[in-house]
Amino acid sequence: MTQPTITQDTARQPNPNITLYDTMQRQKVPFVPGTPGYVGMYLCGPTVYSDAHLGHAKKEVAFDVIRRALTHFGYQVRYVSNITDVGHLLNDADEGEDKLQARARLEQLEPMEVADKYFWSFFRDMDALNVLRPSINPRATGHIQEQIKLIEELIEKGHAYESAGSVYFDVRSWPEYGKLSGRKLDDQEEGTREAVRDEKRDPRDFALWKKAEPEHLMRWDSPWSVGFPGWHIECSAMSLKYLGEGFDIHGGGLDLQFPHHEAEIAQAEAAGHHFARYWMHNNMLTIGGEKMSKSKGNFTTIQDILKKYDPMVVRFLLVSSHYRSVTEMNEEAFASAANGYRRLSETLHEIERRLKDAPAGSDTALDSKIAARVTEFEDAMRDDFNTPKAVASLFGLTGELNTALNAGPVGRDTLERARDAYRSLGGDVLGLFAETGSAASVAQDDASVIDALMDLVLKARQNYRLQKQYAEADELRETLGKAGITVEDTKDGARWKR
RNA sequence: GGCGCUGUAGCCAAGUGGUAAGGCAGAGGUCUGCAAAACCUCCACCACCGGUUCGAGUCCGGUCAGCGCCUCCA
């Protein structure tokens, strides 16, 4: 899998006037990074205890596109996304077996084997979807010391307390708790079971450190007990470690807004740190109007969908809706995406074919159309990363180019501008047009053999056609079709594709 | 119950008060030996009822329907 090259256009202004929707302020605001020219962003990554599904794909692709767009506009981006490999509890009642351990028992593996198994499968899926790897990919189990240190700071400042070997955040000591999600403490239900409630000063206090039960496998030494860190503390500790005080963007799924992100903020700020300056949340992926989720069981894993559709089609479908909108998935949506995406990529491929043998010169009228579409695309992305609008610009460009290509030869300079527009906007920014299909998997040697054979076959067919022996010509076309090869007759002769 | 969101054509999906982007599917056409591809044309009383306004999908109020969070979740 080749990672796309991000080209930096030094002529671009360092301030591209990007606006984004900040969940904390509940409105679109101008994006101004803390350090001019640089962006630090953190994305809550997966808990590696099962295969990723399409909901995870929406989140990963959404923030990947944001990262790519920021890079496109000239920022240097440090993208940190964690791996949660500590087995947190099955529910927030602070009781019971952890998710990793449960899975390990099921698969007859050590908890860390489970974590690594799904760690690798996660990146296999993300690579297929052309999601760029994080700049830094910290694992929670590798940062126990940092988490303990943050907990100590919180105890020292009077915002956390130890109880029976566990440590809890004291929500009543931090009035700002709830500011991200707009909740008041009194509104919240109490979800904790009786036994644990006794350990807490307030039922809404959440765990920073949990004392391990004897049967709990993942455990570390700490000043309070042999145990494991709470659910929320890793993200506070690791984002601050790798991005520093007051980093720019914190992202995640809308369903993490409360309690996870709320807790992250409280932990960091109560300890005296400056936390994220902008909060961005992607909306959910739905199926039949309902959120796709592990617990509902209505999920499709990325692995399963890739058996049916090209990963670029999946990605195209995801960027066809806005990251803050719900994305509805069904068979018709996938089929629609497959057909639409094919039209875009076929045009790009036709341009690249023509470039092999293009006349010198350029078409100034077409050049200005291309330039207008590039501007249109970039304006859409500047406006809170409006990918559906940006995709519409690509379709506009595609129609204009196909009209010109149908009309006759197009000059090399113009073809190169067109190709660069596709590769830069559709490729580098939206992450499309990565060659991952069967065509890319054919070895180079085989490809040249196939090319030679196809030249021969098409020449024979052309002879039949010239002699008006259409039955024979059509039979050749049908036979090739059954082998997965499409033959199309054009003004410039026949062409084929797999 | 509390907080919040959404309802735009058969499907997916944008939309910053000024006569509804885009894609897919569908219909007709151009091109072609026929196909295919491409291109052109056509295809929406914006859930409902009030209100504000010269003007509302867009703002306000209400009704209905659906969804999310408040428990693990992306």
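Lettering of chains follows the sequences in order, A, B, ..., and the numbering in each one begins at 1. What's counted below: heavy atoms across the whole structure, side chains too, no hydrogens, waters or symmetry copies. Please read all numbers here as calculations on a predicted model, not as lab measurements.
Nearest to the side-chain atoms of A:K291 among the listed nucleotides B:C39, B:A74, B:A13 stands B:A74. Among the nucleotides B:C12, B:G33, B:G23, the one closest to the side chain of A:Y470 is B:G33. Checking B:G33, B:A74, B:C12 against every side-chain atom of A:R465, the shortest atom distance belongs to B:G33. Comparing B:G33, B:C67, B:C69 by their closest approach to the side chain of A:E290 singles out B:C67. Which of B:A74, B:G33, B:G2 sits closest to the side chain of A:N282 comes down to B:A74. Each of B:C69, B:C12, B:A21 was ranked by its minimum atom distance to the side chain of A:F258; first place goes to B:C69. With B:G23, B:A21, B:A74 as the candidates, the nucleotide lying closest to the side chain of A:L256 is B:A74. Looking at the side chain of A:E332, the nearest of the listed nucleotides B:C11, B:A74, B:A14 is B:C11. With distances taken from any side-chain atom of A:E488 to the nucleotides B:A37, B:C24, B:A13, the minimum falls on B:A37. Of the listed nucleotides (B:G23, B:C67, B:A74), B:A74 has the atom at the smallest distance from the side chain of A:K59.
Heavy atoms of A:T403 sit under 4.0 angstrom from primed sugar atoms or phosphate atoms, though from no base atom. Nucleic acid contact for A:S325: sugar-phosphate only, since backbone atoms but no base atoms lie under 4.0 Å from a heavy atom of the residue. Within 4.0 Å of A:L285, counting heavy atoms only, lies at least one base atom of the nucleic acid. Looking at heavy-atom distances under 4.0 Å, A:M292 makes contact with a base. Using a 4.0 Å heavy-atom criterion, one finds that A:R461 contacts the bases of the nucleic acid, with or without backbone contacts as well. If you check every strand for non-hydrogen atoms under 4.0 Å, A:G396 touches nothing. Looking at heavy-atom distances under 4.0 Å, A:S181 makes contact with sugar-phosphate atoms alone, never a base. At a threshold of 4.0 angstrom between heavy atoms, the contacts of A:T490 with the nucleic acid are absent. Residue A:F395 is in sugar-phosphate contact alone, with no base atom involved, counting any heavy-atom pair closer than 4.0 Å across all strands shown. Using a 4.0 Å heavy-atom distance criterion, A:G289 is classed as a sugar-phosphate-only contact. Across all strands shown, A:V326 has heavy atoms under 4.0 Å from sugar-phosphate atoms exclusively, and none from any base. Using a 4.0 Å heavy-atom distance criterion, A:H322 is classed as a sugar-phosphate-only contact. The residue A:N330 sits close only to the backbone: its heavy atoms come under 4.0 Å of sugar-phosphate atoms, none of a base.
Nucleotides B:G23 and B:U63 are separated by 34 Å at their C1' atoms, to the nearest Å. Rounded to the nearest Å, the gap between the P atom of B:U58 and that of B:U52 is 15 Å. The separation of B:G50 from B:C12, taken at their C1' atoms, amounts to 32 Å, rounded to a whole angstrom. Taking atom C1' in both B:C49 and B:G22, one finds a spacing of 32 Å when rounded to whole Å. A gap of 33 Å separates the P atoms of B:A21 and B:A35, to the nearest Å. B:C48 sits 15 Å from B:A65 when the P atoms are compared, rounded to a whole Å. With C1' as the reference atom, B:C54 and B:C67 are 38 Å apart, rounded to whole Å. A gap of 10 Å separates the C1' atoms of B:A14 and B:A20, to the nearest Å.
Remark: aromatic rings of A:F119 and A:F123 are close, center separation under 6.0 Å.
On a pure distance criterion of 3.5 Å, no polar donor-acceptor pair joins the side chain of A:S320 and the base of B:G23. With hydrogens and angles ignored, no donor-acceptor pair closer than 3.5 Å exists between the side chain of A:D383 and the base of B:G15. For A:R477 and B:C34, a side-chain-to-base donor-acceptor distance below 3.5 Å is present, hydrogens and geometry of angles not being considered. On a pure distance criterion of 3.5 Å, no polar donor-acceptor pair joins the side chain of A:N406 and the base of B:C31.
At least one donor-acceptor pair closer than 3.5 Å links the side chain of A:R26 to the backbone N or O of A:M24. Side-chain N or O atoms of A:E60 include none that pairs as donor or acceptor with a backbone N or O of A:M126 at under 3.5 Å.
Counted by atom type alone, A:E234 and A:N82 present one or more donor-acceptor pairs between their side chains at under 3.5 Å. Side chains of A:K210 and A:Y168: a donor-acceptor N/O pair is present below 3.5 angstrom, by distance only. Between the side chains of A:T347 and A:N402, at least one donor N or O sits under 3.5 Å from an acceptor N or O.
Using the six-membered ring where Trp is involved, A:F275 and A:F247 have ring planes that are perpendicular, over 60° apart on the 30 and 60° scheme.
When rounded to the nearest whole Å, the span between CG of A:N298 and C1' of B:C67 equals 13 Å. A:K58 has its NZ atom 11 Å from the C1' atom of B:A13, to the nearest Å. Remark: P of B:U32 and CG of A:D474 are 17 Å apart, rounded to the nearest angstrom. One can place CG of A:D255 at 13 Å from C1' of B:U71, the figure rounded to the nearest angstrom. What separates CG of A:L254 from C1' of B:C3 is a distance of 12 Å, to the nearest Å. Between A:E400 atom CD and B:C40 atom P there is a gap of 9 Å when expressed in whole angstrom units. When the P atom of B:A36 is taken as reference, atom CG of A:L476 falls 19 Å away, rounded to whole Å.
A salt bridge does not link A:K497 with A:E350: every distance from a Lys NZ or Arg NE/NH1/NH2 to an Asp or Glu carboxylate oxygen is 4.0 Å or more. Checked for salt-bridge contact, A:K459 and A:D455 miss the test: no charged N lies under 4.0 Å from a carboxylate O.
When the side-chain nitrogen and oxygen atoms of A:R183 are compared with OP1 and OP2 of B:G4, none of them lie within a distance under 4.0 Å. Here A:N386 reaches the OP1 or OP2 of B:G15: one of its side-chain N or O atoms lies under 4.0 Å away. The side chain of A:K296 contributes an N or O atom lying less than 4.0 Å from OP1 or OP2 of B:G68. Between A:N339 and B:A25, a side-chain N or O to OP1/OP2 separation shorter than 4.0 Å is present.
The partner of B:A14 cannot be assigned: no Watson-Crick or G-U wobble pair with both contacts below 3.5 Å exists in any strand. Pairing for B:U6 is with B:A65, a Watson-Crick or G-U wobble pair whose two hydrogen-bonding atom distances lie under 3.5 Å. For B:G1, the paired base is B:C70 (Watson-Crick or G-U wobble, both distances below 3.5 Å). Base pairing of B:U58 is not made with any nucleotide, judged by Watson-Crick or G-U wobble geometry with both donor-acceptor distances under 3.5 Å. Look at B:G26: its Watson-Crick or wobble partner, with both distances under 3.5 angstrom, is B:C42. When both pairing distances are held under 3.5 Å, B:A21 makes no Watson-Crick or G-U pair with any nucleotide shown.
Applying side-chain hydrogen bond (donor to acceptor under 3.5 Å, both in side chains) to A:K58 and the options A:T286, A:N283, A:T327 leaves one that passes, A:T327.
In terms of position along RNA chain B, the nucleotide closest to A:A471 lies nearer the 5' end than the nucleotide closest to the other residue of the pair A:C44 and A:A471.
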